[in-house]
> 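Sharing a structure below in structure tokens format, with a few things to ask.
Order of the sequence lines fixes the chain letters, A, B, ..., with proteins taken first and strands second; residue numbering starts at 1 for each chain.
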Amino acid sequence: GDSVTQMEGPVTLSEEAFLTINCTYTATGYPSLFWYVQYPGEGLQLLLKATKADDKGSNKGFEATYRKETTSFHLEKGSVQVSDSAVYFCALTRNTGFQKLVFGTGTRLLVSP
Amino acid sequence: EPEVTQTPSHQVTQMGQEVILRCVPISNHLYFYWYRQILGQKVEFLVSFYNNEISEKSEIFDDQFSVERPDGSNFTLKIRSTKLEDSAMYFCASRGTPIANTGELFFGEGSRLTVL
């Protein structure tokens, strides 16, 4: 079945460091790919998405490129802030049926000043 | 900004007891979901609900689970006889349009269930 694999956390960085959180997926066909973020005490929020190969999703300085050849959707940010501390979830959905999301385990990011 | 609200935020219950988790989806949304996350594990799909019926459910969603939209605004998840392994964070989500169009499922903050 469809699955998403994320790097283990927590990821601990200093402010202004470069961030990469790896995500790879297994799915038949051409899924849409997402990054959701959960800030402390809040629900999951959509951060960015890409719906076809080579698309780049971006939001709030975060970027991820849909790489079909490597089945990856790694999240990057050039300079993290303390306010980016959160749990990040990679997810996919098939573009058919009722389109449930399949999530990875989540990666906790801790950014220190 | 419209949001999905869930109650309770945390519930502690004894094994074998019934639990009802409540969700108020965004008012004009049509598709409703329950997910759960056992501590340290993946966020797992439980069930989707559309047009007043279950549209899809996972193997986790066995006869102990049920969902209901009793009054057009609430969306509830009932666990009939809780087990220790039901301890998890339960997330409700909703959306108004096909996911590929907006990419956005709107999630609540979650209800933490602890079964003793």
> Quick one: which residues of residues 66-77 of chain A reach chain B at under 4.5 angstrom, heavy atoms only?
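Answer by number: none.
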> Are any of the side-chain heavy atoms of Tyr35(B) and Tyr90(B) separated by less than 4.5 Å?
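No, their side chains stay 4.5 Å or more apart.
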> Return the set of residues passing salt bridge (Lys or Arg N to Asp or Glu O under 4.0 Å) with Lys60(A) (not counting sequence neighbours), or none when no residue passes.
none
> Do Phe34(A) and Phe89(A) have ring centroids that are under 6.0 Å from one another?
no
> What residues of residues 107-116 of chain B make heavy-atom contacts with chain A at a cutoff under 4.5 angstrom?
Phe107(B), Gly108(B), Glu109(B)
> Taking the basic N atoms (NZ, or NE/NH1/NH2) and the acidic carboxylate oxygens, is any pair closer than 4.0 Å for Lys100(A) and Glu56(B)?
yes
> Can you see whether Asn74(B) engages Thr76(B) through a side-chain donor-acceptor pair at a distance of less than 3.5 angstrom?
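Side chains of Asn74(B) and Thr76(B): no pair found under 3.5 Å.
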> Is there side-chain contact between Tyr36(A) and Leu101(A), with at least one heavy-atom pair below 4.5 Å?
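With C-beta onward as the side chain, the pair touches.
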> Which atoms of Gln6(A) are under 4.5 Å from chain B, going by heavy atoms: the side chain, the backbone, both sets, or neither?
neither
> In terms of the angle between their ring planes, are Phe32(B) and Phe49(B) parallel, tilted or perpendicular, with boundaries placed at 30° and 60°?
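If you compare the ring of Phe32(B) with that of Phe49(B), the planes turn out tilted.
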> For the aromatic rings, using the six-membered ring if either is Trp, is the centroid distance between Phe91(B) and Tyr33(B) under 6.0 Å?
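Not under 6.0 Å, so no.
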> For Val102(A), which atoms come within 4.5 Å of any heavy atom of chain B: side chain, backbone, both, or neither?
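Neither part.
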> In terms of heavy-atom proximity below 4.5 Å to chain A, should Gln6(B) be classed as side chain, backbone, both, or neither?
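Gln6(B) has no heavy atom closer than 4.5 Å to chain A.
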> Check Glu44(B) with Arg36(B), please: is the shortest side-chain N to carboxylate O separation under 4.0 Å?
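Yes, this pair counts.
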> Tell me whether the rings of Tyr31(B) and Tyr50(B) are parallel (<30°), tilted (30 to 60°) or perpendicular (>60°).
parallel
> If we only count heavy atoms from C-beta on, is the Phe62(A) to Leu19(A) side-chain gap below 4.5 Å?
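Yes. Closest side-chain heavy atoms under 4.5 Å.
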> For the pair Arg22(B) (side chain) and Pro8(B) (backbone), establish whether a donor and an acceptor sit closer than 3.5 Å, ignoring hydrogens and angles.
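Checking the backbone N and O of Pro8(B) against the side chain of Arg22(B), no donor-acceptor pair under 3.5 Å is found.
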> For the residue pair Lys78(B) and Gln64(B), establish whether any side-chain heavy-atom pair is separated by less than 4.5 Å.
no
> Tell me the closest heavy-atom pair linking Gly96(B) and Leu30(B), and the distance in Å.
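Scanning both residues completely, I find the closest heavy atoms to be O-CD1, 3.9 Å.
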> Is the number of heavy atoms from other residues, nucleotides or ligands under 6.0 Å of Arg69(B) CZ greater than 12?
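Enclosed: over 12 neighbouring heavy atoms sit under 6.0 Å from CZ of Arg69(B).
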> Among Glu3(B), Gln37(B), Lys42(B), single out the residue with the greatest number of heavy-atom pairs under 4.5 Å to chain A.
Lys42(B)
> Going by residue number, which parts of residues 104-113 of chain A are within reach of chain B, meaning a heavy-atom gap below 4.5 Å?
Gly104(A), Thr105(A)
